[in-house]
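By convention here, the first residue in the shown sequence is residue 1. Treat the numbers as computed from the prediction; the structure is a model and nothing was measured.
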Amino acid sequence: VLYYRKTLQIAPRYTNAYYNLGLLFYDQHQNDSARYYFYNSIAIDPKFTNGYNGLGNIFKIEKHYDSAKRYFLKAINTNPKFTNGYNNLGNTFMDANQFDSARLYYHYAINIDSKFTLAYYNLGLLSFYQKQYDSSAIYYRTTFQIDPKNINALNNLGLLFYNQKQYDSAAVYFRKILQIDPKYTNAVNNLGLIFYNEKHYDSAAVYFHKSLEIDPKYTNALNNLGL
């Protein structure tokens, strides 16, 4: 904060310094301070895409969805190829349960950048919410094909199959996660749940204990040991 403010003392119209201060306060959940600096960035440069995007993110978190949409649209108007803006609009519509509009904006992002993993991932979430499980799996697999270290996509694929009681398929994805990150507690715990549901209780307990070795405060594993 100190260095950005010193920058503004020297160059009071340095847009990126206002924006970076906004990001710092946004990350600390100090929305009013973040809003102040984002507003200043676009006051200096009305075509500053990131400033509008930052304001959109604040309003989205505050569930002021109409205001969030307005600022994300302004971000896109300043830069029609701003994929994050389309993705954020999709997220805003999804949060507002306007699923058709959400899907549309995710596809806009993909049309601009066919390897934009966030949009594929969010389409996976959206399809899951709409109980379109086959489509959800396709989008998560696409996310993983583009980004082979995307643990969230793998975990959601595993959960997708787990919830449909397709335990062998679920286990494949949880084990893939552990090849990438052996300390990913959710995957270890979920393997334990698979064994539990298959009535292999001793094996289930082994995985629940492994979860606790990684994170002694991992409440899911503690709870599962009491099953």
Please lay out, stage by stage, how Arg35 and Glu62 fare under the test salt bridge (charged side-chain N to carboxylate O under 4.0 Å, His left out).
CA-CA 12 Å; Arg35 196 184 338 259; Glu62 295 175 340; 2.8 Å; yes

Do [X] and [Y] have side-chain heavy atoms sitting under 4.5 Å apart?
X      : Y      : result
Ile177 : Asn190 : no
Asp202 : Phe195 : no
His107 : Leu104 : no

Transitively linked via ILVMFWY side-chain contacts under 4.5 Å: [X] with [Y]?
X      : Y      : value
Tyr18  : Phe25  : yes
Ile194 : Tyr173 : yes
Leu157 : Tyr133 : yes
Val172 : Val188 : no
Ile138 : Phe144 : no

Looking at residues at least two apart in the chain, or sitting in another chain, which of them share a side-chain hydrogen bond (donor to acceptor under 3.5 Å, both in side chains) with Gln132?
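Partners of Gln132 by the side-chain hydrogen bond (donor to acceptor under 3.5 Å, both in side chains) criterion, ordered by chain and then number, come out as Arg103.
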
Got a sec, which residues hit side-chain hydrogen bond (donor to acceptor under 3.5 Å, both in side chains) with Tyr37, two or more places apart in sequence or on another chain?
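Counting only residues at least two positions away or on another chain, Tyr37 forms a side-chain hydrogen bond (donor to acceptor under 3.5 Å, both in side chains) with Arg5.
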
What's the spacing between [X] [atom1] and [Y] [atom2] if we round to 0.5 Å?
X      : Y      : atom1 : atom2 : answer
Asp147 : Lys149 : CG    : NZ    : 9.0 Å
Thr92  : Phe59  : OG1   : CZ    : 12.0 Å
Ser101 : Lys69  : OG    : NZ    : 7.0 Å
Asn88  : Leu73  : CG    : CG    : 11.5 Å

Derivation and outcome, side-chain contact (heavy atoms from CB on, under 4.5 Å), residues Leu55 and Ile42:
CA-CA 10 Å; Leu55 286 165; Ile42 60 174; 3.6 Å; yes

When you measure from the side chain of [X] to the backbone N and O of [Y], does any donor-acceptor pair fall under 3.5 Å?
X      : Y      : answer
Tyr129 : Asn97  : no
Asn53  : Thr49  : no
Thr78  : Ala75  : yes
Asn223 : Thr219 : no
Ser211 : Asn189 : yes

Check against side-chain contact (heavy atoms from CB on, under 4.5 Å), Leu212 and Lys210:
CA-CA 5 Å; Leu212 291 170; Lys210 281 184 179 179; over 6 Å; no

Which heavy atom of [X] sits nearest to which heavy atom of [Y], and what is that distance?
X      : Y      : value
Pro148 : Ile180 : O-CD1, 3.4 Å
Met94  : Phe99  : O-CE2, 3.6 Å
Ala187 : Leu178 : CB-CD2, 3.9 Å
Gly124 : Ser136 : O-OG, 2.8 Å
Gly192 : Ala204 : O-CB, 3.2 Å
Ile112 : Tyr86  : CD1-CE1, 3.2 Å

Decide yes or no on ring pair (Phe, Tyr, Trp, His ring centres under 6.0 Å) for Phe72 and Tyr52, but give the supporting numbers first.
CA-CA 6 Å; Phe72 289 138; Tyr52 293 110; over 10 Å; no

Using a strict threshold of under 4.0 Å (side-chain N to carboxylate O), is an ion pair present between Asp95 and Lys63?
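Salt bridge flag = no for Asp95 with Lys63.
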
Is Lys165 salt-bridged to Glu198, going by a charged N under 4.0 Å from an acidic O?
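Not counted as a salt bridge, because no side-chain N and carboxylate O are separated by less than 4.0 Å.
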
Cation-pi check, Arg70 to Tyr65: give yes when NZ or CZ is under 6.0 Å from the six-membered ring centre and within 45° of the ring axis, no otherwise.
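Because its charged atom misses either the 6.0 Å distance or the 45° angle limit, Arg70 does not stack over Tyr65.
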
Is the NZ or CZ atom of Lys74 both under 6.0 Å from the centre of the six-membered ring of Tyr71 and within 45° of that ring's axis?
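Pair Lys74/Tyr71 counts as cation-pi.
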
Should the heavy atoms of other residues, nucleotides or ligands under 6.0 Å from CG of Asp27 be counted, would the total exceed 12?
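More than 12 heavy atoms, drawn from other residues, nucleotides or ligands, come within 6.0 Å of this atom.
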
Are the aromatic ring centres of Tyr162 and Tyr167 under 6.0 angstrom apart?
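Between Tyr167 and Tyr162, which both carry aromatic rings, the centre distance is below 6.0 Å.
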
Would you please test Phe208 and Leu193 for side-chain contact (heavy atoms from CB on, under 4.5 Å) and show each step?
CA-CA 8 Å; Phe208 296 146; Leu193 286 172; 4.0 Å; yes

Using the test side chain to side chain contact (heavy atoms under 4.5 Å, CB included), find all partners of Asn50 that sit at least two apart in sequence or belong to another chain.
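For Asn50, the residues satisfying side chain to side chain contact (heavy atoms under 4.5 Å, CB included) (neighbours in sequence not counted) are Tyr19, Phe48, Phe82.
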
What pairs with Asp168 under salt bridge (charged side-chain N to carboxylate O under 4.0 Å, His left out), at least two apart in sequence or on another chain?
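Partners of Asp168 by the salt bridge (charged side-chain N to carboxylate O under 4.0 Å, His left out) criterion come out as none, since no residue qualifies.
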
Ring pair (Phe, Tyr, Trp, His ring centres under 6.0 Å) with Tyr26: which residues, sequence neighbours excluded?
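Not a single residue meets the ring pair (Phe, Tyr, Trp, His ring centres under 6.0 Å) criterion with Tyr26.
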
Side chain to side chain donor-acceptor pair (under 3.5 Å): which pairs involve residues 108-120, sequence neighbours left out?
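Side chain to side chain donor-acceptor pair (under 3.5 Å) check on residues 108-120 returns no pairs.
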
Let me see the working for Tyr106 and Asn91 under side-chain hydrogen bond (donor to acceptor under 3.5 Å, both in side chains), right down to the final yes or no.
CA-CA 8 Å; Tyr106 292 140; Asn91 290 341; 2.6 Å; yes

Give the C-alpha distance, both sets of side-chain angles, the deciding distance and a yes or no for side-chain contact (heavy atoms from CB on, under 4.5 Å) between Phe161 and Asn156.
CA-CA 9 Å; Phe161 287 108; Asn156 286 358; over 6 Å; no

